[in-house]
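In what follows, chains carry the letters A, B, and so on, assigned in the order in which the sequence lines appear, proteins first and then strands, with residues in each chain numbered from 1. FYI, side chains are in, hydrogens and waters are out, and symmetry mates aren't considered; it's all heavy atoms of this structure.
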Number of protein chains: 2
Amino acid sequence: MPRKVAKPPTCAGCSVEATLNLIDGKWKIVVLYKLLVGGTLRFNEIRRLIPAVTQRMLTNQLRELEADGLVIRKVYPVVPPRVEYSLSERGRSLEPVIMALKSWGDMNLSSERAQAA
Amino acid sequence: MPRKVAKPPTCAGCSVEATLNLIDGKWKIVVLYKLLVGGTLRFNEIRRLIPAVTQRMLTNQLRELEADGLVIRKVYPVVPPRVEYSLSERGRSLEPVIMALKSWGDMNLSSERAQAA
DNA sequence: CATCACAGTATCCTTTTCGACACTATGTGC
DNA sequence: GCACATAGTGTCGAAAAGGATACTGTGATG
C-alpha cells in the first residue's frame, strides 16, 4: 500500500506490519523470490517467469521495490532497451523471510483443502 | 484477497505467494502476532491492542483467519458475550514466518528513512 | 517494406478493500 | 429507568488495487 514512504505506523504489531507493507502488492514477493533464486534478470525474463502478471503490474511492483531499496534497476542505454533487475543488499536480507514464507507454503498448502476447505 | 478457498494458484512463486495470500489483509499478521505473544485473547482485548482497527475489520480478519484454520474461536454462551481467540496448531506453525517478519522489521525499519527515503 | 522484440506508458474500467457510522441483545451498576 | 460493556452485524461510500488493451520508438530480421 505505501506508495512512497508511508504511513505513520499503526505501531501495534508495528515492525511486523511495516515489513508486510513492504512486500504487499500481489506480486512483490514472487518477484523477490524469482530474483533470489534467479539472480539478475531482465524485465521480460521476469515476465516470462510469472506469466500471470501484466506489464503494468510488473512495472509497478518493480518500481516500488526499487523505491523501497529492495531491488536494483540497471539500465543499459543500448538500442533494444536492456534493463536488468537484481536484489540489493537490503533485498537479499529478506531471504529468511521469503524462505520462511516459502517453506511454510510448501508444507501446508498441498494439504490445504484437507484442513481449511 | 481470497475470501474463501481461492484462486487456482498463479503457480509461479506459488507457495510463497499462496502463503502471503493467507496473511494478507491489513491486520492479519498483527492479529496473529498478538495472539502469538499474548496467548488467548478476547475480542475487545485484541481491539485494545490494535487501536487502529475497526470492529468490522477485526471481525472480518478473525473470521478469515478462522476459516483458514489459523485461529480458534471459542464462544461462551454467557450473557455478556465472551469470545476467546487463540492460535490453532496451524496458526502456531506460522511462528517462524511471523518472527522472520518481525525481526527483519526490527532491524531494518528503524533506519528506514536513511535507506529508502 | 513489414514485422518482431525490448521495456516500458497511458488510459480506462472493474473489483476489492477499508473506514465511518448506526444498530442489535442482554445483564449489571448507578 | 439509564447508560455501559460485550461481541458483534449491516449498510454506505470512497479510495485503492489491479486487469485489459492500446500505444511508443528503435534496431535487427525476413
Is [X] near enough to [N] that one of its side-chain N or O atoms lies under 4.0 angstrom from OP1 or OP2?
{"X": "A:Arg42", "N": "C:dC6", "answer": "no"}
{"X": "A:Arg48", "N": "C:dC6", "answer": "yes"}
{"X": "A:Arg73", "N": "C:dG8", "answer": "yes"}
{"X": "A:Lys26", "N": "D:dG19", "answer": "yes"}
{"X": "A:Arg63", "N": "C:dT9", "answer": "yes"}

Side-chain heavy-atom pair [X], [Y] within 4.5 angstrom cut-off:
{"X": "B:Lys28", "Y": "B:Leu65", "value": "yes"}
{"X": "A:Leu32", "Y": "A:Val71", "value": "yes"}
{"X": "B:Val16", "Y": "A:Val30", "value": "no"}
{"X": "A:Lys102", "Y": "B:Thr19", "value": "no"}

Could you check how far [atom1] of [X] sits from [atom2] of [N], rounded to whole Å?
{"X": "A:Leu58", "N": "D:dT21", "atom1": "CG", "atom2": "P", "value": "18 Å"}
{"X": "B:Leu41", "N": "D:dT6", "atom1": "CG", "atom2": "C1'", "value": "16 Å"}
{"X": "B:Asp24", "N": "D:dG18", "atom1": "CG", "atom2": "C1'", "value": "14 Å"}
{"X": "B:Ile50", "N": "C:dC18", "atom1": "CD1", "atom2": "P", "value": "13 Å"}
{"X": "A:Asn21", "N": "D:dA17", "atom1": "CG", "atom2": "P", "value": "10 Å"}
{"X": "B:Asn60", "N": "D:dG8", "atom1": "CG", "atom2": "C1'", "value": "12 Å"}
{"X": "A:Glu45", "N": "C:dA7", "atom1": "CD", "atom2": "P", "value": "8 Å"}
{"X": "B:Glu84", "N": "D:dA7", "atom1": "CD", "atom2": "C1'", "value": "13 Å"}

Touch class at under 4.0 angstrom, heavy-atom based, for A:Tyr85 against every strand present: sugar-phosphate
Touch class at under 4.0 angstrom, heavy-atom based, for B:Pro81 against every strand present: base
Please list, one pair per line, the donor and acceptor atoms closer than 3.5 Å that link side chains of residues 91-100 of chain B to other protein atoms, with sequence neighbours excluded.
residue : atom : partner  : partner atom : Å
B:Arg92 : NH2  : B:Leu87  : O            : 3.4
B:Ser93 : OG   : A:Trp104 : NE1          : 2.8
B:Ser93 : OG   : B:Arg90  : O            : 2.5

Please determine, for the side chain of [X], which listed nucleotide ([options]) has the closest atom?
{"X": "A:Phe43", "options": "D:dT26, C:dA7, D:dG19", "result": "C:dA7"}
{"X": "A:Val79", "options": "D:dG27, C:dT26, D:dA7", "result": "D:dG27"}
{"X": "B:Arg56", "options": "C:dC18, C:dT9, C:dA7", "result": "C:dC18"}
{"X": "B:Trp27", "options": "D:dG18, C:dG19, C:dA7", "result": "C:dG19"}

Position toward the 5' end of DNA chain D (nearest nucleotide), B:Pro80 or B:Thr59: B:Pro80
Closest-nucleotide ordering on DNA chain C, the 5'-leading residue of B:Met57 and A:Gln55: A:Gln55
Considering all heavy atoms, the nearest A:Leu35-A:Tyr85 contact: CD2-O, 3.4 Å
